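Quantities reported herein were computed from a predicted structural model and do not represent experimental measurements. Keep in mind that the numbers below use all heavy atoms, side chains included, and drop hydrogens, waters and symmetry copies. In what follows, chains are A, B, ... by sequence order, proteins preceding strands, each numbered from 1.
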Amino acid sequence: MNESNIDPKLLKPYDPKETEDRIYKMWEESGFFNPDVCIEKGMTDKDAETFSMVLPPPNVTGTLHLGHAATLTIEDIMTRFARMKGYKTLWLPGTDHAAIATQSKVEKILEKEEGKRKGDLGREEFLKRVNQFAQESHDTIINQSKKMGASLDWSREAFTLDEKRNLAVRTAFKKMYDDGLIYRGHRIVNWDPKGQTVISDDEIVYEERKAKLYTFKYSNDFPIYISTTRPETKVGDTAVAVHPNDERYKKYIGKTYEIKDFCGVSLNIKIVADESVEKEFGTGALGVTPAHSQIDADIATRHKLDTKQVINEFAKMTVGDERILNKKTIEAREVIVNFLRENNLLEKEEEVTQNISTAERTGGIIEPLPKLQWFIDVNKPIKERDNKSLKELMLEAVRSKEVNIIPNRFEKVYYNWIENLRDWCISRQIWYGHRIPVWYKGEEIYCGVETPNGNGWEQDSDTLDTWFSSGLWTFSTLGWPDLNASDFKTYHPTNMLETGYDILFFWIARMILMSTYLLGEVPFKNVYLHGIVRDAQGRKMSKSLGNSLDPLELTAKYGADAVRMSLIIGTGPGNDSKMSEDKIRAYKNYANKLWNITRFVLSNTENIKNENFNNYVDVDKKLIDEIDKLIIEITKEMDEYKFYLVGEKIYQYTWARFADIILEESKNIFENGAEKEILSRKHFLLYTLEKILKILHPFMPFVTEELWGMFLKENKKLLMIEKWPVSPDTSQGEPV
RNA sequence: GCGCGGUUAGCUCAGUUGGUAGAGCAUUCCCUUGACGUGGGAAGGGUCAUAGGUUCGAAUCCUAUAUCGCGCACCA
């Protein structure tokens with residue numbers, strides 16, 4: 001067989017290592033990741049429909065993991081598909097400063113490598129270090145994203161903490177402040193003693209632990225037993241609450257008891273009746289600690305009780321004598337339990353399991369404390385938005401189907417979250433982040449986009465929750481607050497937001513909040529949620545378990561195309577998936593199979609020009625009909641985001657049908673067939689291989705682009721901007 | 001407590017509007033001057049968690065149960 005015109009590379013097995021970086025560079029240099037270039041060079045019609053999507057910005061806390069790789073793959077498939085359909089296609093990259101996560105990471109490194117704390121450096125010097133770390137992480141992340149083949153428009157790259165995004169943040173804050181949606185309030189907040197900052201309700205992670213439930217009374221002449229798992233907080237009690245209908249305690253309601261010595265602290269306990277108390281729980285009586293429990297604070301407000309703070313920001317006691325003063329809460333607990341035992345006040349102790357609140361990023365045990373913080377009011381009616389509250393705006397966006405969530409079972413989860421939503425605490429006592437745009441001078445307070453004029457103004461030292469800036473992401477990246485920015489006008493609302501279901505509340509909900517409030521429109525029309533990538537045993541991948549697979553290692557070993565396929569196939573939206581190297585290996589073999597299929601087809605069709613050919617014999621007509629039908633089916637499934645099905649189907653077709661059956665038959669035809677049959681078959685092979693490469697391109701962009709380059713020498717266009725194939729009898733797209 | 005998801009071949013999972021089950025890996029046997037051994041051909045292996053129901057027909061729809069996992073709430 002004469003293979004003289006075949007690219008010599010084809011004679012060896014497919015080598016992703018030699019191929020991928022070269023191909024990516026070619027794509028980048030073509031400029032076609034940027035929709036403006038596609039229009040300029042006539043590849044995309046300037047009036048074409050748009051497809052826009054932002055990449056969920058990875059945290060600049062280190063390196064990418066397989067979850068990121070899955071995100072990049074799914075979104076790249078969407079993007080490449082849209083681009084091939086001729087849409088004005090923008091996939092916009094960026095990174096997230098991830099305030100607490102990044103700061104605590106740098107703090108750890110500083111401690112480990114230099115034995116220093118951030119206070120030793122001071123705010124300015126510490127921030128320098130964080131920025132340096134963030135820059136390094138950023139570079140790693142960008143490099144990794146390119147290795148995955150992501151066709152992101154790097155010319156539009158953004159950072160959640162850069163100048164433009166800071167302007168967006170200040171603008172948004174100022175408007176919310178003026179509308180009375182942002183307020184400063186003294187409330188019980190979630191204090192993280194480890195991270196030394198307040199966190200929002202959503203940043204709490206509950207951990208189930210064994211605890212002791214102690215039943216006791218404050219003193220021998222106190223009439224009621226109460227139960228608690230935290231005896232040390234009881235020095236801050238100012239009341240005991242009972243249910244108003246509880247016959248056992250009715251006679252005590254309204255009375256006040258003075259306890260002179262409760263482990264060195266004097267208490268003044270009023271008995272109050274409150275509907276929120278459950279008669280069946282414990283003794284049916286609840287010791288009220290207004291400073292260290294949200295629920296108790298609510299009861300205290302209803303009954304105008306005193307609030308007495310007894311624990312500080314370091315989780316140490318601030319009252320009592322040497323037995324407990326300045327002791328850690330856990331130590332003080334022992335002391336007080338002993339005190340109860342010694343004074344015969346302890347009736348019983350029982351083992352219970354309880355959920356304890358920990359901080360998502362630092363793991364610190366949350367200490368509820370009363371503090372002055374900034375909040376976003378989610379219930380206040382907004383004039384400009386038909387007197388709807390933020391909660392209502394968020395609900396409406398999804399209820400009305402303006403935002404379509406895939407899979408739609410997450411709508412219920414979303415509604416449930418909103419129903420339980422309380423005001424969002426947005427201030428953080430950390431240094432890395434957007435500084436709150438509020439200044440103080442004596443009693444005066446100023447909130448503005450720009451620094452106030454005049455001397456003596458001091459800016460609030462707190463920074464904003466990282467999700468505040470992330471919430472603006474779909475439009476802060478497109479030029480907002482400049483409403484005339486052409487990107488903003490062209491690409492917002494975005495078409496798709498693809499991310500893991502684990503940040504539905506953190507991010508999706510906050511984007512809907514910000515966008516519906518600030519712009520009066522939804523941030524995106526579709527949300528596609530993917531699951532968590534787990535290891536072969538189904539465990540979450542984590543550094544501590546040492547079971548995380550490094551995407552870079554995997555792509556180096558098997559090729560990015562193989563990694564991409566293995567992340568897509570067998571994974572429906574919203575479902576967790578399991579990853580194993582076996583699976584990746586299978587798709588590495590597939591890339592090579594495709595390589596050899598192309599070699600066979602090209603070496604058998606050397607003098608054939610793939611022009612319009614109409615002399616197909618009946619057998620081949622049927623085969624063409626088959627592949628055309630498959631393409632129609634596949635296109636429909638692509639439009640429905642069923643990539644896992646398409647990937648599997650095209651895999652099955654190329655291997656089990658095209659290679660195993662059709663190519664084998666072709667050998668016979670080429671040897672024994674009539675000239676007409678041979679000619680027909682040769683054209684069919686070219687016709688079909690071309691379609692296969694196109695359909696497979698969003699999934700396996702590298703190997704398909706490489707083969708495309710060898711496929712038709714006279715064809716100078718890159719596969720990435722070829723038109724998606726549709727069968728000749730449909731009206732859309734380019735007839736073949 | 002409220003809600004959601006899973007349960008299909010040894011393992012990991014597909015199965016689109018209901019039409020008597022599929023893939024990858026693993027296992028067994030055969031094939032080597034073949035486009036490809038990163039391959040080809042063949043085989044074994046499933047009462048689709050259980051019990052009812054709807055239907056001519058159910059892995060698929062409905063009800064209940066079991067079991068595993070997840071989210072939210074509670075957590076004195």
May I ask which nucleotide in the shown strands pairs with [N], Watson-Crick or G-U wobble, both distances under 3.5 Å?
N	answer
B/G46	none
B/C2	B/G71
B/U60	none
B/A23	B/U12
B/G18	none
B/A66	B/U7

*Grab the CD-P distance between A/Glu419 and B/G1 for me, whole Å please.*
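Rounded to whole Å, this separation is 20 Å.
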Reckon [X] has a side-chain N or O less than 4.0 Å from the OP1 or OP2 of [N]?
X	N	answer
A/Asn589	B/G39	yes
A/Lys667	B/A35	yes
A/Lys649	B/U16	no
A/Trp655	B/G40	yes
A/Arg599	B/C36	yes

*Which one, B/G71, B/A23, B/U16, comes nearest to the side chain of A/Glu648?*
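Of all the options, the side chain of A/Glu648 is nearest to B/A23.
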*Considering only B/C36, B/G71, B/U16, which nucleotide approaches the side chain of A/Asn596 most closely?*
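Of the candidates, B/C36 comes closest.
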*asked:* For A/Tyr651 and A/Tyr587, I'd like to know if the aromatic rings sit close, meaning centre-to-centre distance below 6.0 Å.
replied: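 Ring centres of A/Tyr587 and A/Tyr651 closer than 6.0 Å.
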_Donor-acceptor pair (no angle test) under 3.5 Å: A/Lys412 side chain, B/C4 base_ =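 No pair found.
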*Do the rings of A/Phe658 and A/Phe684 sit parallel, tilted or perpendicular, given the 30° and 60° boundaries?*
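The arrangement is tilted - the two ring planes meet at 30° to 60°.
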